[in-house]
Amino acid sequence: MKRFANRQEAGRALAARLAGLPWHDPLVLGLPRGGVPVAREVASRLEAELDVVVARKIGAPGHPEYGVGAVTADSEPIYDPRALRALNLTEEQLGRTCDEERKEAQRRTLLYRGAKPLTVENRDVILVDDGLATGVTARAALLWIAQRAPKSVTLAVPVAARESLRTFSTPVIAVLTPKHFQSVSRWYESFDQTTDDEVLSALSKWETTGNGE
C-alpha cells in the first residue's frame with residue numbers, strides 16, 4: 001500500500017474523497033498541530049472555511065505518548081474505558097494530568113484563534129486530522145463540535161486503524177485503512193512535527209486570501 005509523501009499530499013488525496021459529496025455551508029476544522037496542513041488542502045478543494053479545534057491527549061502515567069483520554073479547552077474530558085482497565089487506572093488518578101492538558105488546550109486555542117468567533121450551528125462540519133490511531137483525541141473534538149448544534153459532523157483522515165473505525169458512531173472517511181496499521185507515521189514518507197508557526201501561517205494565509213493560496 002502506497003504511503004503519502006507528506007501531509008499536503010495526504011490532504012489532497014483526502015480532499016478528492018470529499019469533493020463529490022453534498023456539503024451544506026461546510027466548515028473544515030483541523031486538529032492541531034498535524035491535522036492543520038491536511039485540513040488546509042481539504043478546505044481549499046471544497047472552498048470551505050478553515051479553522052481549528054484544539055483537543056489534547058491525556059497520556060498514561062510514565063507513558064505520555066499512550067493516550068487514555070483527551071480534553072478540549074472548555075469541555076469535560078473523555079476516557080477510553082478499555083485503556084483504563086488495561087492499565088488499572090481511574091479517572092481520578094489522571095485528574096492532574098487532565099488539568100495540565102486542559103490548560104495547554106486553552107493556551108493553544110488562544111494562540112491559534114484569539115477571540116475570533118466560530119460559528120458551528122447548522123453547518124456541515126468536517127473534522128480533519130493527519131491520521132486515526134486510537135481515536136481518543138478525535139472523540140474529544142467531536143464532542144466539542146456536537147455540543148454546538150452542527151447540521152452534521154464527519155471525521156476525515158488520510159489513514160486510519162480499522163479497529164478504531166468500528167468504534168465511531170460519527171461517519172468517518174479515510175483514504176487508507178491498512179490491515180497492519182502500526183502507527184500514523186508509518187504511512188508518511190515525511191512526518192516531521194508541525195510547529196505552532198506553521199499552524200499560524202496556514203490560518204493567516206487562509207484569512208488573507210480566503211482560499212489558502
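We count residues from 1, following the sequence as given.
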>> One pair to check against side-chain contact (heavy atoms from CB on, under 4.5 Å): W23 and I126. What are the steps and the verdict?
In response: CA-CA 9 Å; W23 303 107; I126 307 166; 3.8 Å; yes
>> Measuring only between side-chain heavy atoms, which start at C-beta, is T194 closer than 4.5 Å to P37?
In response: yes
> Is R107 paired with D196 through a side-chain N to carboxylate O contact shorter than 4.0 Å?
Replying inline: yes
> Has the side chain of R17 got a donor or acceptor atom that lies under 3.5 Å from a matching backbone atom of A174?
Replying inline: yes
>> Assess the residue pair T154 and T170 against the criterion (side-chain contact (heavy atoms from CB on, under 4.5 Å)); give the C-alpha distance rounded to whole Å, side-chain angles, the decisive distance to 0.1 Å, and a yes or no.
In response: CA-CA 6 Å; T154 301; T170 300; 5.7 Å; no
>> Quick check against the 3.5 Å criterion: does W187 have a side-chain atom that pairs as donor or acceptor with the backbone of A160?
In response: no
>> I need the minimum non-hydrogen distance between V53 and L127, along with the two atoms involved.
In response: CG1-CD1, 3.5 Å
> Which atoms form the tightest heavy-atom contact between T72 and A105, and what is the distance?
Replying inline: C-CB, 3.9 Å
>> On a heavy-atom basis, which atom in V52 and which in Y112 lie closest, and how many Å separate them?
In response: CG2-CB, 4.0 Å
> Heavy-atom distance under 4.5 Å between the side chains of I173 and L18, does that happen here?
Replying inline: yes
> How long is the span from the CG atom in L84 to the CD atom in Q93, to the nearest 0.5 Å?
Replying inline: 9.0 Å
> Within a radius of less than 6.0 Å around NE2 of H24, do more than 12 heavy atoms belonging to other residues, nucleotides or ligands occur?
Replying inline: yes
> Of all residues at least two apart in sequence or in a different chain, which pass the side chain to side chain contact (heavy atoms under 4.5 Å, CB included) check with A5?
Replying inline: E9, E189
> Backbone N or O of L200 within a donor-acceptor pair of the S204 side chain at under 3.5 Å?
Replying inline: yes
> For R162, does the CZ atom sit with more than 12 other heavy atoms under 6.0 Å from it, leaving out its own atoms?
Replying inline: yes
> Hey, what do you get for CD1 (I58) to SG (C98), rounding to the nearest 0.5 Å?
Replying inline: 4.0 Å
> Within the distance-only criterion (no hydrogens, no angle test), does the side chain of E49 pair as donor or acceptor with the backbone N or O of L27 below 3.5 angstrom?
Replying inline: no
>> Would you say that V68 contacts V136 through its side chain, given a criterion of any heavy-atom pair below 4.5 Å between the two side chains?
In response: no
>> Between R7 and E41, does any side-chain N to carboxylate O distance fall below 4.0 Å?
In response: no
>> Looking at D25, is its backbone amide N or carbonyl O close enough to the side chain of R123 to form a donor-acceptor pair, meaning the two atoms are under 3.5 Å apart?
In response: yes
> Which residue, R108, R102, Q106, forms the side-chain hydrogen bond (donor to acceptor under 3.5 Å, both in side chains) with E104?
Replying inline: R108
>> Check this for me: does any side-chain nitrogen of one of D99 and R96 sit under 4.0 Å from a carboxylate oxygen of the other?
In response: no
> Which residues pass the side chain to side chain contact (heavy atoms under 4.5 Å, CB included) test with R139, sequence neighbours left out?
Replying inline: I78, T167, F168
> Between atom NZ of K103 and atom CZ of R56, what is the distance when rounded to the nearest 0.5 Å?
Replying inline: 14.0 Å
> Atom CD of E100 and atom CG of L94: how far apart are they, to the nearest 0.5 Å?
Replying inline: 11.0 Å
>> Rounded at 0.5 Å granularity, tell me how far CZ in R113 sits from CG in L118.
In response: 4.5 Å
> Between K57 and E65, is there a donor-acceptor pair closer than 3.5 Å when you use the side chain of the first and the backbone of the second?
Replying inline: yes
>> Restricting to non-hydrogen atoms, name the atom on V38 and the atom on G11 that form the minimum distance, rounded to 0.1 Å.
In response: CG1-CA, 3.6 Å
>> List the residues meeting ring pair (Phe, Tyr, Trp, His ring centres under 6.0 Å) with Y188, not counting sequence neighbours, and say none if there are none.
In response: F4, F191
